[in-house]
Asker: 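Structure provided below as structure tokens; questions to follow.
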Number of protein chains: 2
Amino acid sequence: MSDVEVPMPTPPGRRPRRTREPRRPLTVDLIVETGIRVLDAEGLDAVTMRRVAQELGTGPASLYAHVGSKDELYDLMLDRVSAEIRLPEPDPARWRELIKESALEARRVMSAHRDIARVSLGSIPLGPNLLLGAERMLAILLAGGVPPKIAAMALDTLAMYIDADVIEGTIYTARALGPEDGQRMYEDKIGPIRDYFRALPPARYPNIVAMVDELTEGDGDERFTFGLDIFIRGLASYVPDDS
Amino acid sequence: MSDVEVPMPTPPGRRPRRTREPRRPLTVDLIVETGIRVLDAEGLDAVTMRRVAQELGTGPASLYAHVGSKDELYDLMLDRVSAEIRLPEPDPARWRELIKESALEARRVMSAHRDIARVSLGSIPLGPNLLLGAERMLAILLAGGVPPKIAAMALDTLAMYIDADVIEGTIYTARALGPEDGQRMYEDKIGPIRDYFRALPPARYPNIVAMVDELTEGDGDERFTFGLDIFIRGLASYVPDDS
DNA sequence: ACCTGAACACCGTTCAAGT
DNA sequence: ACCTGAACACCGTTCAAGT
């Protein structure tokens, strides 16, 4: 309850310095935090230099003293977000379960931050937290007996798969809305598509018309686990003497 | 060699109507073609309404008579591009090879058009050519005995995998450049990353430091085929009586 | 019906000037 | 060293006005 919290009128005779001053001095962390706040509330496209600056009560030019560019800010946001991913310790006997858990956990965290996965897909992990995630998954794979060359490729493929799935997922789900609104929005989008598929000329698109239900009722979680299980099983086939 | 080809000075007494007239009347096809030309030359981000309009000798507002929005233009470009994908006829006995061929062909075509895959990832195929591709792959899978529900999920996953891989690939390869320039650019990018990985604290990142070579020497084609083979093998496990 | 100029409300980034 | 205002060169989209 100090005087910084509640706004006071300007005392007479002392003129206001700025219409709106930054509460805290600008730092990289503060800028990144603010970016993530905007991301979570409105999505990645809303995270502009001007918007973040405005949120901090300053102009866009001020950010460039702390951050090289918008893309660098995006990278920093991604690394900060990926610090939330909690990965298990390696265990040679249980590497398949642990990799599956890891992928699901990474997907969960990424999904919680809208379309930040767009930054991840198509960029090499360089930030400390991103690298720690890679390190952990590598440890799990190697402990399980996956050959190094295969483990390296698997790491790439897995990251790609997670990112792509999260990006696909963010089209349907409006996570800012409540669950019932999300369901309604899902139906609003999928309904017309179902109708469109059904109205397609069956001579040209026989299988799509025949499989409208299978094609549109797909649950996102189910599909992700489907591909993940296949991938892990395939990976296991590269491990000598794997049960 | 008609007079439309070579520019003539304006005859005296007849004032020029516009500084620069569109050669051809605006149509959706012409706009889409122009968009793809810009895409191939400079990438998706260069394809702006203003840029396409300029290329056609008109203003951005004129495009809106034919195309609803920039996103719609992107969708139309994607569908046009995907018409180049040539998929094989179904053959029950050879479904695994045919799906592999199909995936490689789709990847080849998408890769040839810079980062158009960004439009594809995270959008449901609705255009006639996109749907034809889906129809063909569905036919191959169903002919091979893959259960409909599995085939539907596989289709989604495969499309996602192809898109993600192409997007990843477009970071490294500057396809507008010649092959030797592409190689040089690749080395310019990968070299510093290798050095960075090697300089990482080994106590915190033991596996990454130990596996720098495996992690950075990854060939894009090899990795794609690796994941593809695993996926197809996994898919085959859902087919009753598959050899 | 198609096209246009002008305007609106935005962008990322730079740079000289201030403290 | 950090911050700023102003400017530059862009965006997508709308809309009244023209043909």
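Below, chains carry the letters A, B, ... as their sequence lines are ordered, and counting in each starts from 1. Every heavy atom of this structure was used, including side-chain atoms; hydrogens, water molecules and symmetry mates were not.
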Asker: For B:R80, run the side-chain contact (heavy atoms from CB on, under 4.5 Å) check against B:D29, B:L130, B:N129, B:I116 and tell me which one passes.
Answerer: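 Answer after filtering B:D29, B:L130, B:N129, B:I116: B:D29.
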Asker: Does the pair B:E55/B:R51 count as a salt bridge with the N-to-O cut at 4.0 Å?
Answerer: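 Judged by the 4.0 Å cut-off on N to carboxylate O distance, B:E55 and B:R51 do form a salt bridge.
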Asker: Which nucleotide in the list D:dT13, D:dC3, C:dT14 gets nearest to the side chain of B:P60?
Answerer: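 Output: D:dT13.
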Asker: Distance check needed: D:dT4 P versus A:L63 CG, whole Å only.
Answerer: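 The distance from CG of A:L63 to P of D:dT4 comes to 10 Å, rounded to the nearest Å.
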Asker: Which dot-bracket string describes DNA chain C (Watson-Crick N1-N3 plus N6-O4 or O6-N4, or G-U N1-O2 and O6-N3, all under 3.5 Å; [ ] crossing; | other strand)?
Answerer: ||.|||||...|||||.||
Asker: Side chain of A:H66 only, please: which of D:dT14, D:dC3, D:dA6 is the nearest?
Answerer: D:dC3
Asker: What N/O pairs connect the protein and nucleotides 9-11 of chain D at under 3.5 Å? Give each pair on its own line.
Answerer:
from: D:dC11; atom 1: OP1; to: B:T48; atom 2: OG1; distance (Å): 3.4

Asker: Please identify which of these residues, B:D71, B:D45, B:D163, meets the salt bridge (Lys or Arg N to Asp or Glu O under 4.0 Å) condition with B:R118.
Answerer: B:D45
Asker: In whole angstrom, give the distance that lies between atom CG of A:L30 and atom P of D:dC2.
Answerer: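 Whole-Å distance recorded here is 14 Å.
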Asker: Checking side-chain polar atoms at under 3.5 Å, does B:D115 have a donor or acceptor matched by the opposite partner on B:T170?
Answerer: no
Asker: A:Y161 vs A:F224 aromatic rings, parallel, tilted or perpendicular, using cut-offs 30° and 60°?
Answerer: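 The arrangement is parallel - the two ring planes meet at less than 30°.
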Asker: Looking only at the side chain of A:S62 (C-beta and beyond, no hydrogens), which of the listed nucleotides C:dT13, D:dT13, D:dC3 gets closest?
Answerer: D:dC3
Asker: Expressed in angstrom and rounded to an integer, what is the separation of B:D45 atom CG from C:dG12 atom P?
Answerer: 13 Å
Asker: Using atom C1' of each nucleotide, how far apart are C:dA7 and D:dC11 to the nearest Å?
Answerer: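 Straight-line distance between the two C1' atoms is 14 Å.
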Asker: Over how many whole Å does the gap from B:L56 atom CG to C:dC3 atom C1' extend?
Answerer: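 Atom CG in B:L56 sits about 13 Å away from atom C1' in C:dC3.
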Asker: Between D:dA9 and C:dA9, how many Å separate the two P atoms, rounded to a whole number?
Answerer: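 Taking atom P in both D:dA9 and C:dA9, they lie 23 Å apart.
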Asker: Please check: side-chain N/O of B:E105 versus main-chain N/O of B:L87, any donor-acceptor pairing under 3.5 Å?
Answerer: no
Asker: Examine C:dG12: is either OP1 or OP2 under 4.0 Å from a nitrogen or oxygen in the side chain of A:S69? Give yes or no.
Answerer: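 So the side chain of A:S69 is outside the cut-off, no N or O lying under 4.0 Å from OP1 or OP2 of C:dG12.
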Asker: Whole angstroms only, please: what is the OH-P distance between B:Y64 and D:dA16?
Answerer: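 After rounding, the gap between these two atoms is 17 Å.
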Asker: Using modelled atom types only, decide if a donor and an acceptor are shared between the side chain of B:H66 and the backbone of B:I31 within a distance under 3.5 Å.
Answerer: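 No: the side chain of B:H66 does not pair with the backbone of B:I31.
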Asker: Examine distances only and state if a side-chain atom of B:Y196 and a backbone atom of A:L126 form a donor-acceptor pair shorter than 3.5 Å.
Answerer: yes
Asker: What distance do A:D165 atom CG and A:M110 atom CE have between them, rounded to the nearest 0.5 Å?
Answerer: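 The distance works out to 11.0 Å.
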